Amino acid sequence: MRPSIRHARARAAALTTAAALLLAACQGSSSDTVDAGPPKSGGTLTYAIGTDIDCLDPAKSPSNSVVVGSIVDSLVYQDSEGRIRPWLAKSWTVSQDLTQYTFSLRDGVTFSDGTPLDAAAVKFNFDRIKNPETGSSYAASVIGEYVSGEVIDPLTIRITLRSPVTALLQGLSLAYLGIQSPTYLQSKGRDTCATIVGSGPFVLERSVKGQSYTLTRRAGYNWPFEGAQHSGEAYLDKVEFVIAVEGSVRVGGLTSKQYDLVRDIAAPQLAAVKANPGLEVIDYTAPGITTALAINTRSPIFGDLAVRQAFQRAVDVRTLVPAAFFDQIEPATGPFSTTTPYFDASVTQKYGFDTAQADRLLDAAGWTEKNSSGIRVKNGQTLRPVVFTFPAPPQDQLSLLQSIQQEVRKVGFDLDIQSYDRTTWNTKINAGEYDLHVHSYFRADPDIARTVYSAAFEPPNGYTFARPGDPELEALLQEGARLPDGPERRRVYESIQHRVIEKAYSLPLYPVQRIFAYQKNIHGITITGTSVPFLYDVWRG
């Protein structure tokens with residue numbers, strides 16, 4: 001068995017320089033460099049976010065970490081330098097073959113319902129995530145090789161994996177694998193989306209779907225992650241998450257001091273927010289999969305590689321993205337964001353805007369006829385691909401899609417943009433009734449590619465919208481998950497990026513940009529591997 005600290009250091013050293021610098025740059029802000037005096041307890045933080053949460057259960061939903069990350073604790077914590085540090089687990093060891101992780105848990109930790117957080121509770125949570133009846137997608141992909149958990153004693157659990165997963169510890173730091181109360185979960189059965197019980201520094205007091213989520217300070221909390229800025233209870237009395245879908249409403253509330261912290265600033269307003277002397281702004285490129293159009297290889301239109309490649313070449317991403325985002329966001333240069341470990345800049349040479357080549361590819365694929373509107377036709381079928389977005393897409397994203405819609409008409413595509421409520425969207429996604437889908441995922445490890453492209457996570461089991469069904473890509477994804485960090489793992493992930501582009505499974509658009517703005521009297525905000533502010537250390541000046 002090897003000491004955990006050696007494994008953690010190896011993981012941290014393997015992060016690319018860009019990613020490490022990114023995470024370090026996101027810690028704190030200029031307002032914290034000014035002496036604001038000692039931290040103060042009390043007060044409410046009003047935090048405006050742009051989209052509602054479909055489900056509060058982190059095991060079931062990949063969209064709730066901004067809220068539940070302060071309600072649940074994780075086994076480990078990823079700090080601003082990419083290092084894995086103790087949290088609920090005070091130490092751990094890893095077997096030589098990297099398939100067994102033995103965690104020693106902190107004593108005295110309890111859930112907010114008073115029940116103990118022990119080895120049995122951790123095992124219950126991981127068993128539940130792996131159970132298909134739970135309906136877990138993203139969390140299940142992160143812990144995908146989990147076979148079993150063994151309770152060695154009340155504070156020691158051994159996790160056994162089917163095969164090594166290099167990014168396991170990083171995955172365990174995410175809120176999606178945060179530990180929930182088994183007593184609460186068992187009492188709710190399958191109905192676990194409306195509330196949540198964790199061991200974190202805040203508890204959910206009230207939720208009003210589509211409007212707000214109110215968190216209050218957890219009395220007696222005293223087990224923060226290693227490296228936290230203080231110990232004991234959180235500083236804030238309360239956190240009020242407000243759903244403000246319209247970007248102008250969020251910015252207006254921020255400038256009028258109705259909101260203390262805002263997530264997602266619309267591009268047209270970002271320059272003005274950055275120029276406001278009363279505000280602090282964190283603007284960074286999150287590691288992971290860039291926002292892209294996943295191209296469904298099972299669709300009648302895009303089952304043909306030549307047509308997929310033609311679509312890639314019909315879009316001038318380098319021009320359309322800066323225009324849609326008012327020069328506030330750079331266009332993507334591949335499937336990975338530039339801050340993702342093993343990002344390969346050379347992949348950008350494998351595709352690009354070329355309408356002449358797009359025309360040749362479509363002609364070769366048999367789409368030679370055009371109707372009176374200039375749209376291509378083949379065997380009576382119009383070249384009309386349908387693109388889906390997630391429900392309630394940002395206006396910036398819709399504007400970009402509308403620009404793409406106009407662009408691709410030049411080579412004969414009649415792009416149909418469709419958005420639905422979540423229930424309808426889910427039904428249509430599971431049935432494969434789309435040709436293109438907007439997707440993006442952030443994670444500080446390239447293993448996120450497995451979540452996005454592996455056949456194991458095609459709908460309804462996840463969000464592999466491209467549905468590649470590609471044995472060579474699948475083998476690379478599995479190999480990358482198992483290899484230790486180093487040159488061989490780099491080779492695999494570079495190959496993955498090239499294959500995604502060469503086989504036209506994706507048209508990268510722009511990186512996942514995390515933009516947060518807050519009042520200057522708010523202190524202690526840090527953003528690390530979770531890509532959301534952690535609120536335990538936050539206080540009002």
Side-chain angles (χ1 to χ4, degrees), residues 18-19 21-34 45-51 66 241-288 290-292 315-333 337-339 389 392-404 406-407 438 440 442 508-523 525-527 531-533 538 541:
L21 290 174
L22 162 73
L23 291 171
C26 291
Q27 184 170 7
S29 69
S30 60
S31 67
D32 291 324
T33 64
V34 178
L45 179 81
T46 304
Y47 185 170
I49 56 180
T51 55
V66 65
F241 290 93
V242 178
I243 310 301
V245 177
E246 294 295 329
S248 60
V249 172
R250 293 194 299 277
V251 171
L254 185 68
T255 55
S256 67
K257 298 188 178 181
Q258 177 185 358
Y259 303 142
D260 300 303
L261 171 63
V262 166
R263 175 183 175 182
D264 299 330
I265 307 296
Q269 301 163 316
L270 182 55
V273 170
K274 288 181 176 179
N276 189 322
L279 301 175
E280 295 289 345
V281 177
I282 296 175
D283 178 6
Y284 76 103
T285 300
T290 57
T291 301
V315 182
D316 187 359
V317 173
R318 294 185 180 182
T319 299
L320 296 184
V321 167
F325 290 92
F326 293 78
D327 292 318
Q328 296 296 316
I329 293 181
E330 295 290 327
T333 53
S337 69
T338 57
T339 55
T389 69
Q395 184 56 50
D396 293 341
Q397 187 182 99
L398 279 178
S399 296
L400 176 59
L401 291 177
Q402 288 163 357
S403 296
I404 292 173
Q406 296 303 312
E407 183 94 57
V438 179
S440 64
F442 66 87
L509 299 175
Y510 56 92
V512 177
Q513 207 73 11
R514 291 297 182 197
I515 303 171
F516 302 90
Y518 54 97
Q519 307 294 340
K520 283 209 169 191
N521 67 329
I522 303 300
H523 306 278
I525 289 180
T526 59
I527 300 177
S531 290
V532 296
V538 174

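As the structure is a prediction and not an experimental result, all values here were calculated from the model.
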Requested in this report: Mark yes or no for whether Ser337, through its side chain, and Ala286, through its backbone, hold a donor-acceptor pair below 3.5 Å.
Outcome: yes
Requested in this report: Grab the two heavy atoms, one from Val249 and one from Ala244, that are nearest each other, plus how far apart they are.
Outcome: CG1-CB, 4.1 Å
Query raised in the report: How far does OG1 of Thr290 sit from CZ of Phe442, to the nearest 0.5 angstrom?
Result: 14.5 Å
Query raised in the report: Counting distance only, does the side-chain N/O of Gln519 pair as donor-acceptor with the main-chain N or O of Tyr259 below 3.5 Å?
Result: yes
Query raised in the report: To the nearest 0.5 Å, how far apart are CD1 in Ile525 and CG in Leu45?
Result: 7.0 Å
Report task. Please report the shortest heavy-atom distance between Leu261 and Leu254, naming the atom on each side. Result -> N-CD1, 4.5 Å
Query - Where Ile329 and Pro511 come nearest, the two heavy atoms and their spacing - result: CG2-CD, 4.2 Å
Report task. Without swapping roles, check the side chain of Arg514 against the backbone of Thr285 for a donor-acceptor pair under 3.5 Å. Result -> no
Report summary line: Here the gap from Phe326 atom CZ to Leu270 atom CG, rounded to the nearest 0.5 Å, amounts to 11.5 Å
Query - Within 6.0 Å of CD in Gln397, more than 12 heavy atoms from elsewhere - result: yes
Report summary line: side-chain hydrogen bond (donor to acceptor under 3.5 Å, both in side chains) pairs touching residues 263-276, sequence neighbours excluded, are Lys274-Asp283
Query raised in the report: Is the closest side-chain heavy-atom distance between Asp396 and Pro268 below 4.5 Å?
Result: yes
Report task. Would you check if Ile282 and Tyr518 make a side-chain contact, meaning some heavy-atom pair closer than 4.5 Å? Result -> yes
Query - For Thr319 against Pro322, the heavy-atom pair lying closest together - result: O-CD, 3.5 Å
Query raised in the report: What is the distance from atom CD1 of Ile522 to atom OH of Tyr47, rounded to the nearest 0.5 Å?
Result: 12.5 Å
**Report entry** Sub-4.5 Å side-chain heavy-atom contact between Val251 and Val262
**Finding:** no
Report summary line: Of Ile515, Thr255, Leu279, the one forming a side chain to side chain contact (heavy atoms under 4.5 Å, CB included) with Val273 is Leu279
Query raised in the report: Has Glu246 got more than 12 heavy atoms of other residues, nucleotides or ligands less than 6.0 Å from its CD?
Result: no
Query raised in the report: CG of Asp260 to NZ of Lys520: how many Å apart, nearest 0.5 Å?
Result: 15.5 Å
Query raised in the report: Under a 4.5 Å cut-off applied to non-hydrogen side-chain atoms, are Ile404 and Leu509 in contact?
Result: yes
Query raised in the report: How far apart are the C-alpha atoms of Tyr284 and Thr339, what are their side-chain angles, what is the distance that settles it, and do they pass the side-chain contact (heavy atoms from CB on, under 4.5 Å) test?
Result: CA-CA 10 Å; Tyr284 76 103; Thr339 55; over 6 Å; no
Report task. Just do the side-chain contact (heavy atoms from CB on, under 4.5 Å) check on Thr51 and Ile243 with the steps written out, would you? Result -> CA-CA 6 Å; Thr51 55; Ile243 310 301; over 6 Å; no
